[in-house]
Amino acid sequence: MQDSLLDDLNPQQRLAVTAGDGQTLVLAGPGSGKTRVLTRRLAYLIERKGVPAYDIIAVTFTNKAAREMESRVVTLVNQNLEGIWLGTFHAMCARLLRRESAYLPFKSNFVIFDESDQLSLIKRSLRELNIDDKTHRPAGVHAAISAAKNDLQLPKDVPRGTYRDEVVARVYEKYQSYLSINNAVDFDDLLLYTARILEEHPEVREKYARRFGHVLVDEFQDTNLAQYVMLKHLSSYHHNIFVVGDEDQSIYRWRGADYRNVLRFEKDFPKCETILLEQNYRSTQTVLDAARQVIDRNRNRTPKHLFTERGTGNKIVQYVAVDDIAESAFVVDTISQYLKSGKASANDFAVMYRTNAQSRLIEEALMHSGLPYRLVGAQRFYGRREVKDMICFLRLVANPTDEVSLLRVINIPPRGIGDKTILTLQTTAMQAGLSVGEVLLDLGQKGDASAFWSAVGRPAALLADFGTLLAEWQSVKDKISLTSLFDRIVEDTGYESYINDQTEEGNDRWDNLVELRRLAFDFEEKGMDEFLQNLALVSDQDTIPQAESEEPDRPKGAVTLLTLHAAKGLEYNQVFIMGLDEGLLPHSRSRDDPEEMAEERRLFYVGMTRARNQLYLLRAERRRMFNAWDYGEPSRFLADINSDLVLNQGRHGVSRRETYESDFRWSTTSITPKRMVVETPKETKYKAGMRVRSANWGDGLVLESKIDSDSEETVDVHFESVGFKRVLASLANLEIL
DNA sequence: TCGCCAAGACTTTTT
DNA sequence: GTCTTGGCGA
């Protein structure tokens with residue numbers, strides 16, 4: 001019997017796809033056909049079980065995953081997916097909240113603030129509350145608020161035990177009130193409000209729970225508490241929930257993701273059927289074995305025995321470079337050799353690293369050798385200044401009371417409206433009980449006849465000019481198309497000449513605006529509101545050509561450079577993982593938290609399992625950090641891989657630094673010839689773990705000690721009294737206890 | 001008000 | 001190294 005939906009699946013995959021009603025947990029190792037199972041499951045429900053698409057909700061984390069799933073399902077079933085809820089968690093929540101805004105502190109046409117908007121609101125809240133932003137960094141406070149939201153806490157739920165908690169709770173409250181004034185929500189709110197609305201209003205919960213006969217979830221290991229609770233409520237009527245994930249690939253803990261939701265799922269649904277997908281279709285057995293040796297050291301997970309029919313394959317190549325430059329040189333040399341032999345093309349290669357900062361050296365090395373490369377994700381499209389500016393202009397036209405947007409663009413391009421003027425404007429508005437935008441519009445429309453003309457003083461004319469522009473855009477916004485409005489704003493503000501200074505960078509910036517205009521064109525029919533509401537939920541990966549896709553303008557392809565985080569879900573024939581040094585991978589910030597250390601291990605595991613044929617693990621004996629050499633230890637993860645699986649290509653003796661120097665922008669002053677000789681680090685007097693006493697700060701614990709370029713010993717100490725300090729050994733006079 | 005310079009930070013970043 | 005931020009002088 002032929003069955004196109006099931007025939008080409010392995011037994012485990014088939015078991016998952018055809019699982020009966022109830023709760024199903026599919027634990028899918030890397031390369032085991034997770035996406036395939038999910039799409040076939042959808043198709044199976046619709047085609048074989050006669051489930052109307054309308055009854056299904058399928059959630060993913062990225063737009064890319066959602067789009068991919070949709071297009072694959074469409075080719076599998078002979079009907080359209082009319083009425084299905086298929087999309088990212090955030091998009092699905094936004095849809096639900098727009099319908100149920102009656103229960104919420106904002107209107108249904110709310111906008112979603114992105115990260116920069118959020119941060120500017122946090123800063124304003126801190127200022128308003130007179131909280132010092134040095135001791136309470138905006139990003140840190142925001143992270144704390146975000147964590148609270150992911151844990152389903154409202155401001156009143158935040159514990160107020162310490163002064164810090166108190167600060168967070170107060171800023172949280174203020175921040176929410178600002179969001180509300182602007183009719184805006186942040187990313188976390190989408191999840192928080194959805195979970196809470198389902199929790200607190202039985203009639204809403206029942207409405208959606210009844211509707212969704214089937215709930216399907218991708219990347220389940222990356223859900224946070226809010227998402228978990230939401231899923232539980234959505235499936236509380238029909239109890240059909242099908243989740244796919246892999247605890248070992250959970251790498252977003254710092255965003256609230258909790259892989260233990262996998263364990264929680266099994267506990268909450270004791271009758272759930274658990275299916276393990278262990279056959280791997282991507283890598284060689286060598287890669288899988290090595291990866292397993294690394295990941296098996298983690299606890300609280302379901303052990304998996306990944307196997308492949310692809311054979312043993314090549315050994316993993318380990319290479320210890322003399323320094324960071326040599327590390328990059330090795331990558332470039334190796335790739336060049338492959339390409340010369342004709343055995344591979346550039347897009348077979350990926351170079352992965354822990355931190356974006358590491359991309360610089362490899363980029364320079366690739367550029368130097370003329371190899372084409374593609375950098376994933378470093379510069380974000382929507383984060384770019386010019387793109388953000390334009391979006392704020394549009395948001396302002398759509399909603400003049402949006403103060404965040406207004407304050408951003410009121411003086412862009414510079415039109416003589418400074419801090420002082422803005423402050424008077426704000427005070428005037430507050431006294432009149434109006435928003436800043438409304439005052440501005442009044443000034444623009446009535447000129448010196450406006451009631452506010454004298455109140456704002458000398459710069460009144462400047463403000464009125466901008467107000468006039470704004471009023472004009474407002475009056476035409478419903479009469480002309482979105483792109484025409486776009487052009488009009490660019491024209492009226494002289495924005496093009498402001499950003500495009502005819503340098504290469506200026507041209508790039510202008511190109512970004514042209515790209516944004518192209519995106520806006522897709523919303524010509526749906527209109528500006530829809531465009532703005534969706535903007536924040538579109539990630540950069542949707543606008544930047546992705547690694548696996550063919551780019552017509554680059555037939556030969558390019559080497560892909562990306563962080564380990566960005567690598568999840570992708571695969572390459574040859575994978576280089578750079579910087580396998582203690583402090584880098586695992587990252588030093590994870591040093592004293594076992595949970596974070598476990599996540600570093602998973603991150604490495606994700607990277608390793610991206611490789612189809614050949615994996616290269618690299619490290620450098622020393623690298624340049626700030627202005628000194630940093631001598632690292634090999635990553636602890638390397639020791640976990642059995643040496644039988646590894647081919648050690650040893651250590652290069654020559655740094656390429658000299659050869660670069662002539663035609664690259666290495667600063668010659670910072671690299672004296674003396675330091676090009678490989679030098680052994682001098683012994684440090686203080687060692688990590690030592691207890692020391694200082695006359696100033698009392699007792700403390702040495703975290704790290706190193707010799708910098710001037711042979712000075714720098715010691716990092718955690719003092720009981722004052723916390724972390726970095727001191728020079730020669731000056732601090734630390735007594736070893 | 002603007003633009004320049006110096007100081008300090010700097011993990012990852014699906015939405 | 002490179003980015004942002006804050007202070008200061010024109």
Side-chain angles (χ1 to χ4, degrees), chain A residues 59-66 87-94 112-116 118-119 123 133-134 137-140 142-143 146 150 185-191 218-219 221-224 226-227 249-257 324 352-361 363-364 376-380 382-383 385 411 413-422 458-459 462 534-542 546 562-569 579 583-591 596 599-600 602-604 606-607 623-627 664-667 670-671:
Chain A
V59 280
T60 62
F61 275 85
T62 65
N63 289 296
K64 193 180 156 217
T88 63
F89 268 102
H90 292 84
M92 296 300 96
C93 289
I112 299 160
F113 273 6
D114 69 16
E115 215 165 297
S116 65
Q118 294 169 28
L119 221 51
K123 285 181 191 155
D133 63 358
K134 288 277 187 313
R137 304 204 159 277
H142 181 255
S146 173
N150 291 331
V185 299
D186 66 16
F187 294 132
D188 301 313
D189 283 340
L190 292 169
L191 308 175
D218 190 15
E219 305 276 19
Q221 77 283 353
D222 286 333
T223 52
N224 58 35
Q227 287 159 327
Q249 294 185 69
S250 171
I251 53 174
Y252 287 98
R253 194 181 108 88
W254 45 277
R255 301 193 61 152
D324 44 4
M352 303 175 187
Y353 34 79
R354 177 68 239 261
T355 69
N356 274 315
Q358 287 171 263
S359 74
R360 213 190 83 249
L361 284 180
E363 264 191 276
E364 286 179 2
V376 174
Q379 252 296 7
R380 327 193 64 211
Y382 289 102
R385 195 183 66 203
N411 199 32
R415 51 172 71 87
I417 303 173
D419 291 346
K420 194 92 180 290
T421 312
I422 290 172
R458 211 158 20 124
L462 294 168
N534 282 288
L535 218 40
L537 292 179
V538 180
S539 88
D540 302 305
Q541 307 221 332
D542 297 312
Q546 253 299 300
L562 73 183
T563 61
L564 289 164
H565 281 89
K568 194 165 85 164
L584 212 48
L585 182 62
H587 198 274
S588 53
R589 293 257 176 129
S590 316
R591 182 169 35 192
E596 295 209 353
E599 179 141 320
E600 295 290 309
R602 293 193 291 268
L603 196 51
F604 181 42
V606 165
R623 35 185 97 239
R624 210 142 243 285
M625 288 196 113
F626 306 110
N627 241 344
F664 254 96
R665 51 202 159 97
W666 293 104
S667 94
S670 66
I671 305 158

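Chain A is the first sequence line, chain B the second, and so forth, proteins listed ahead of strands; every chain is numbered from 1.
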Hey, which of these two, A:Pro459 or A:Glu596, hits DNA chain B nearer its 5' end, going by closest nucleotide?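 Final value for this comparison: A:Pro459.
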
Both A:Leu603 and A:Gly416 contact DNA chain B. Which one's nearest nucleotide lies toward the 5' end?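 This one resolves to A:Gly416.
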
From C-beta outward on [X], which listed nucleotide comes closest to its side chain: [options]?
X: A:Arg360; options: C:dT2, B:dT11, B:dT14; value: C:dT2
X: A:Lys420; options: B:dT1, B:dT11, B:dT13; value: B:dT1
X: A:Tyr252; options: B:dT11, B:dT13, B:dT14; value: B:dT14
X: A:Phe61; options: B:dT14, B:dT11, B:dC2; value: B:dT14
X: A:Arg354; options: B:dT1, B:dT13, B:dT11; value: B:dT11
X: A:Arg589; options: B:dT14, B:dT13, B:dT11; value: B:dT11

Should A:Trp254 be counted as stacked on B:dT11, where stacking needs a ring-centre gap under 5.5 Å and an angle between planes under 30 degrees?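 One would not call A:Trp254 stacked on the B:dT11 base.
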
According to a cutoff of under 5.5 Å between the ring centres and under 30° between the ring planes, does A:His565 stack with the base of B:dT12?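 Per 5.5 Å and 30° rule: no stacking.
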
Whole angstroms only, please: what is the [atom1]-[atom2] distance between [X] and [N]?
X: A:Arg253; N: B:dT11; atom1: CZ; atom2: P; answer: 16 Å
X: A:Asn63; N: B:dT13; atom1: CG; atom2: P; answer: 17 Å
X: A:Leu119; N: C:dT5; atom1: CG; atom2: P; answer: 8 Å
X: A:Arg137; N: C:dT5; atom1: CZ; atom2: C1'; answer: 10 Å
X: A:Leu564; N: B:dT14; atom1: CG; atom2: C1'; answer: 16 Å
X: A:Tyr353; N: B:dT11; atom1: OH; atom2: C1'; answer: 13 Å
X: A:Arg602; N: B:dT12; atom1: CZ; atom2: P; answer: 18 Å
X: A:Arg623; N: C:dG1; atom1: CZ; atom2: P; answer: 18 Å

Look at all strands and tell whether [X] reaches a base, only sugar-phosphate, or nothing, counting heavy atoms closer than 4.0 Å.
X: A:Asn411; result: sugar-phosphate
X: A:Arg415; result: sugar-phosphate
X: A:Asp419; result: sugar-phosphate

Side-chain N,O ([X]) to OP1/OP2 ([N]) below 4.0 Å:
X: A:Thr88; N: B:dT14; value: no
X: A:Thr421; N: B:dT1; value: yes
X: A:Lys123; N: C:dT5; value: yes
X: A:Asn356; N: B:dT12; value: yes

Before accepting this row, confirm whether a basic side-chain N of the pair A:Glu599/A:Arg602 lies closer than 4.0 Å to the acidic partner's carboxylate O. yes

Quick one: side-chain hydrogen bond (donor to acceptor under 3.5 Å, both in side chains) partners of A:Glu600, sequence neighbours excluded? A:Arg354, A:Ser590

When rounded to the nearest 0.5 angstrom, what is the spacing between [atom1] in [X] and [atom2] in [Y]?
X: A:Phe89; Y: A:Asp218; atom1: CZ; atom2: CG; answer: 9.0 Å
X: A:Leu603; Y: A:Met352; atom1: CG; atom2: CE; answer: 10.5 Å
X: A:Asn224; Y: A:Asp188; atom1: CG; atom2: CG; answer: 8.0 Å

Restricting to side chain to side chain contact (heavy atoms under 4.5 Å, CB included), what partner residues turn up for A:Lys420, sequence neighbours left out?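 If we apply the side chain to side chain contact (heavy atoms under 4.5 Å, CB included) test to A:Lys420, skipping adjacent residues, there are no hits.
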
